[in-house]
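Worth saying up front: this structure is predicted, and the values here are computed from it rather than measured. By convention in this document, chain letters (A, B, ...) are assigned in the order of the sequence lines, proteins followed by strands, and residues within each chain are numbered from 1.
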Amino acid sequence: MSDKIVTRFAPSPTGYLHIGGARTALFNWLFARGHGGTFLLRIEDTDRERSTPAATAAILKGLDWLGLDYDGEVVSQFEGRHRHAEVALDMLARGAAYKCFSTQTEIEAFREAARAEGRSTLFQSPWRDADPATHPDAPYVIRLKAPREGATVIEDKVQGTVTFKNDQLDDMVCLRSDGTPTYMLAVVVDDHDMGVTHVIRGDDHLTNAARQVQVYTAMGWDVPIFAHIPLIHGPDGKKLSKRHGAVGLEEYQAMGYPAAGMRNYLTRLGWSHGDDEFFTDAQAREWFNLEGIGRAPARLDFKKLENLCGQHIAVAEDAALVREIEGYLAAAAKPALSDAQRDGLERAMYCLKERAKTFPELLEKAEFVMTSRPVAPDEKALKALDPVSRGILKTLTPQLQNASWTRDDLEATLNEVAQAHGLGFGKLAGPLRAALAGRSVTPSVFDMMLVLGREETLARLDDQAA
RNA sequence: GGCCCGUUCGUCUAUCGGUUAGGACACCAGGUUUUCAACCUGGUAAGAGGGGUUCGACUCCCCUACGGGCUGCCA
């Protein structure tokens, strides 16, 4: 295949960016970027009732956070409505479509009767072969004159060859009675006009694909390559919904997952490249292919997400992490970092990033560098600061006064002190940790001393010493 | 109801007719340890059920069960 690959993500702006939609976008992006292709974004806003600018904004924000950049301008499907109508009229002119004057109440009655008799509820319009001379002066929709014999076949890259008998497919509405196009028509026209070569989308569109192929055929257009990917399910195997917790991508940012970890997890969910679990964006782009996509729906597993996120945090650059954490704080509506905190965080990052899976966890361990004197110990820290321990801290100060401030020397000094008191190092580390951080969960005491520096360290010890 | 898709350890998956069915996360046990995290060693754990086809099926076919999707002048 020498033609350039063009993919697209086409969400409808009716809410937040669904986690499943985000994965669909990711697959399209990965496929395009990995093959030197183009990744387009089109907002399916033909449903004027439900589409909102806020939802579009949420989608853009979500894609931006996930790091999925699209080529060109965002396409509004609604704005192409005249073009869509033009195609509908074209099909009408060439006899591939027809005007249907059946009212919605008539159709409803037809379906009810069909249901009652156990017949197929697919609507069969009496106007399909009507003589135009008999057309009333009334509102009408334009329906596709779909073939009734034979079958429509989808060659799907994920689902394989899927055959639909044409008598199972109805004459879909292309143009509504108010003259606006339906989604079914609009996708086909837009995908064709935008030169989309690969349609990668949720498998809830698999049946739709058959109807859409009929439009391509009616217009004599090339049918794109389809890849219908399985939907994501909740931990209980049911379709993912709000009762499972987070479904909107923005919630994941607010929970403090790094975007890189999210990308890795989402890529690996339902797609595989041998036994590779943890990979970089570059590797993902290089490895991603349609063949590796599974056919069964996958369930969300937060533990695995966390594990992957932890690995990505560990290998990320310090400055980049600080920036991403600031984004997290904003998304979670938490107080922003002060300049001093930002500096401290970056200095301490080297010892924080290897022990956290999420940003809240990282920030918890960063507390020692985020607070300023006097440090207020929490309950657990207070327990470590009993009178005896406070006494030991006091004897520590002179030793530290003259110690050279390197990890090795601090370690040696502290071990000596512990021995002098006949204690294991653990007994000394507890109070030290409490005095330095006011917390019981922190990086190693040596790292804290190094990050804090001699002066601050001694001051904090002095605050708690007795 | 009709049509379509799916079903390997708890979870994500490898396998593409011949394997002691592999890996990762999670879990359990032990080790290490300065709290947390990490790390080391070992372990538990899977082909939905039933029929075929075949010398041989997780792999191919059929049926059933279960899950999902579509069946809109929603997308």
K.L.:
Could you check whether A:Arg23 makes a cation-pi contact with A:Phe27, meaning its NZ or CZ is under 6.0 Å from the centre of the six-membered ring and within 45° of the ring axis?
P.N.:
yes
K.L.:
Distance check, P atoms only: B:U44 and B:G50, in whole angstrom units.
P.N.:
25 Å
K.L.:
Just the rounded figure in Å: distance from P of B:C5 to NE2 of A:His205.
P.N.:
18 Å
K.L.:
Rounded to whole angstrom units, what separation is found between the CD atom of A:Glu306 and the P atom of B:A37?
P.N.:
11 Å
K.L.:
Between B:G49 and B:G30, how far is it from one P atom to the other, in whole Å?
P.N.:
35 Å
K.L.:
Mind checking if A:Gly270 touches a base, just sugar-phosphate, or nothing, with heavy atoms under 4.0 Å?
P.N.:
sugar-phosphate
K.L.:
Determine whether any donor atom in the side chain of A:Thr207 lies under 3.5 Å from an acceptor atom in the base of B:C3, or the reverse, and answer yes or no.
P.N.:
no
K.L.:
Reckon A:Arg211 touches a base, only the sugar-phosphate, or nothing at all at heavy-atom distances under 4.0 Å?
P.N.:
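Sugar-phosphate, backbone atoms only, no base.
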K.L.:
Would a 4.5 Å heavy-atom cut-off, applied to side chains only, mark A:Leu89 and A:Ile142 as touching?
P.N.:
yes
K.L.:
Can you figure out which of B:A75, B:U71, B:C73 approaches the side chain of A:Val173 most closely?
P.N.:
B:C73
K.L.:
In whole Å, measure the gap between the P atoms of B:C61 and B:G1 for me.
P.N.:
25 Å
K.L.:
For B:G10 and B:C27, measure between their P atoms and round to the nearest Å.
P.N.:
15 Å
K.L.:
Are there over 12 heavy-atom neighbours, none belonging to A:Glu291, within less than 6.0 Å of that residue's CD?
P.N.:
yes
K.L.:
Answer with base, sugar-phosphate or nothing: what part of the nucleic acid does A:Thr14 contact at a heavy-atom distance below 4.0 Å?
P.N.:
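Touches nothing.
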K.L.:
Does B:A75 have OP1 or OP2 sitting under 4.0 Å from an N or O in the side chain of A:Arg50?
P.N.:
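For A:Arg50, the contact criterion (side-chain N or O under 4.0 Å from OP1 or OP2 of B:A75) is not met.
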K.L.:
Taking side chain as C-beta onward, heavy atoms only, is A:Glu324 less than 4.5 Å from A:Ile313?
P.N.:
no
K.L.:
Tell me if the aromatic rings of A:Tyr252 and A:Tyr16 count as close, with their centers under 6.0 Å from one another.
P.N.:
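No, ring centres 6.0 Å or more apart.
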K.L.:
Separation of A:His233 atom NE2 from B:C66 atom P, in whole Å?
P.N.:
17 Å
K.L.:
Between A:Lys165 (NZ) and B:C4 (P), how many Å, whole number?
P.N.:
6 Å
K.L.:
Can you tell me the pairing partner of B:U41 across any strand shown, Watson-Crick or G-U wobble, with both distances under 3.5 angstrom?
P.N.:
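Result: B:A29.
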K.L.:
Would you kindly give the CG-to-P distance between A:Leu169 and B:C4, to the nearest whole Å?
P.N.:
11 Å
K.L.:
Restricting both atoms to N or O, compile the protein contacts to nucleotides 32-36 of chain B shorter than 3.5 Å, with distance only.
P.N.:
| residue | atom | partner | partner atom | Å |
| --- | --- | --- | --- | --- |
| B:U34 | O2 | A:Arg433 | NH2 | 2.4 |
| B:U35 | O2' | A:Ser440 | O | 3.2 |
| B:U35 | O2 | A:Ser440 | O | 3.1 |
| B:U35 | O2 | A:Thr442 | N | 2.9 |
| B:U35 | O2 | A:Thr442 | O | 3.2 |
| B:U35 | N3 | A:Arg433 | NH2 | 3.4 |
| B:U35 | N3 | A:Thr442 | O | 2.6 |
| B:U35 | O4 | A:Arg355 | NH2 | 3.1 |
| B:U35 | O4 | A:Ser444 | N | 3.3 |
| B:C36 | O2' | A:Lys365 | NZ | 3.1 |
| B:C36 | O2 | A:Arg355 | NE | 3.3 |
| B:C36 | O2 | A:Lys365 | NZ | 2.9 |
| B:C36 | N3 | A:Arg355 | NE | 3.2 |
| B:C36 | N3 | A:Arg355 | NH2 | 2.5 |
| B:C36 | N4 | A:Arg355 | NH2 | 2.6 |

K.L.:
Between B:U53 and B:C58, how far apart are the P atoms? Round to whole Å, please.
P.N.:
16 Å
K.L.:
Which base sits across from B:C58 as a Watson-Crick or G-U pair, both distances under 3.5 Å?
P.N.:
none
K.L.:
If we count only N and O atoms by modelled type, under 3.5 Å, do the side chains of A:His84 and A:Asp190 hold a donor and an acceptor together?
P.N.:
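A:His84 vs A:Asp190: donor-acceptor pair found between side chains.
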K.L.:
Can you tell me if A:Asp178 and A:Thr180 form a side-chain donor-acceptor pair at under 3.5 Å?
P.N.:
yes
K.L.:
Should the side chain of A:Asp204 and the base of B:A75 be counted as holding a donor-acceptor pair, with the cut-off at 3.5 Å?
P.N.:
no
K.L.:
B:G72 phosphate, OP1 or OP2: any side-chain N/O from A:Arg111 under 4.0 angstrom?
P.N.:
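Answer is yes, contact under 4.0 Å.
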K.L.:
Suppose we define a pair by two distances each less than 3.5 Å, Watson-Crick or G-U wobble; what does B:A65 pair with here?
P.N.:
B:U7
K.L.:
Evaluate the ring planes of A:Phe31 and A:Phe288, with Trp represented by its six-membered ring, and classify them as parallel (under 30°), tilted (30 to 60°) or perpendicular (over 60°).
P.N.:
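Ring orientation of A:Phe31 relative to A:Phe288: perpendicular.
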K.L.:
B:A75 phosphate, OP1 or OP2: any side-chain N/O from A:Thr46 under 4.0 angstrom?
P.N.:
yes
K.L.:
Taking atom C1' in both B:C60 and B:A37, compute the distance separating them and give it to the nearest angstrom.
P.N.:
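Between the two C1' atoms, the distance is 48 Å.
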K.L.:
A:Asp276 near the nucleic acid: base, sugar-phosphate alone, or nothing, with a heavy-atom cut-off under 4.0 Å?
P.N.:
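Nothing, no heavy atom under 4.0 Å.
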K.L.:
For a side chain to side chain contact (heavy atoms under 4.5 Å, CB included) with A:Leu432, tell me which candidate from A:Thr442, A:Leu396, A:Thr457 qualifies.
P.N.:
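Output: one option passes, namely A:Leu396.
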K.L.:
Give me the ring orientation class for A:Phe302 and A:Tyr257: parallel if the planes are under 30° apart, tilted from 30 to 60°, perpendicular past 60°.
P.N.:
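Geometry flag for A:Tyr257 against A:Phe302: tilted rings.
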K.L.:
Across the strands shown, which category fits A:Val162 at heavy-atom distances under 4.0 angstrom: base, sugar-phosphate, nothing?
P.N.:
sugar-phosphate
K.L.:
With a 4.0 Å cut-off on heavy atoms, is A:Met184 in touch with a base, just the backbone sugar-phosphate, or nothing at all?
P.N.:
base
K.L.:
For B:U11 versus B:A26, give the span between their P atoms, rounded off to a whole number of Å.
P.N.:
16 Å
K.L.:
Take atom CZ of A:Phe359 and atom C1' of B:A37, then tell me their distance rounded to the nearest Å.
P.N.:
16 Å
K.L.:
Can you tell me, in whole Å, how much space there is between the P of B:U20 and that of B:C39?
P.N.:
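Comparing P positions in B:U20 and B:C39 gives a spacing of 31 Å.
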K.L.:
Only pairs with both distances under 3.5 Å count, Watson-Crick or wobble alike; so what is the partner of B:G1 in this structure?
P.N.:
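Paired with B:U71.
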K.L.:
Please enumerate all protein N or O atoms sitting under 3.5 Å from an N or O of nucleotides 23-31 of chain B, with distances to 0.1 Å.
P.N.:
| residue | atom | partner | partner atom | Å |
| --- | --- | --- | --- | --- |
| B:G23 | N2 | A:Glu277 | OE2 | 2.5 |
| B:A24 | N3 | A:Lys304 | NZ | 2.9 |
| B:C25 | O3' | A:Asn307 | ND2 | 3.3 |
| B:C25 | O2' | A:Lys304 | N | 3.4 |

K.L.:
More than 12 heavy atoms of other residues, nucleotides or ligands under 6.0 Å from CD of A:Glu149: yes or no?
P.N.:
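Atom CD in A:Glu149 is not packed in, count stays at 12 or less.
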K.L.:
Could you label the plane-to-plane angle of the A:Trp287 and A:Phe279 rings as parallel, tilted or perpendicular, counting under 30° as parallel and over 60° as perpendicular?
P.N.:
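Taking A:Phe279 first and then A:Trp287, their aromatic rings stand perpendicular (interplane angle over 60°).
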K.L.:
Tell me the interatomic distance from A:Arg295, atom CZ, to B:G67, atom P, rounded to whole angstroms.
P.N.:
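After rounding, the gap between these two atoms is 21 Å.
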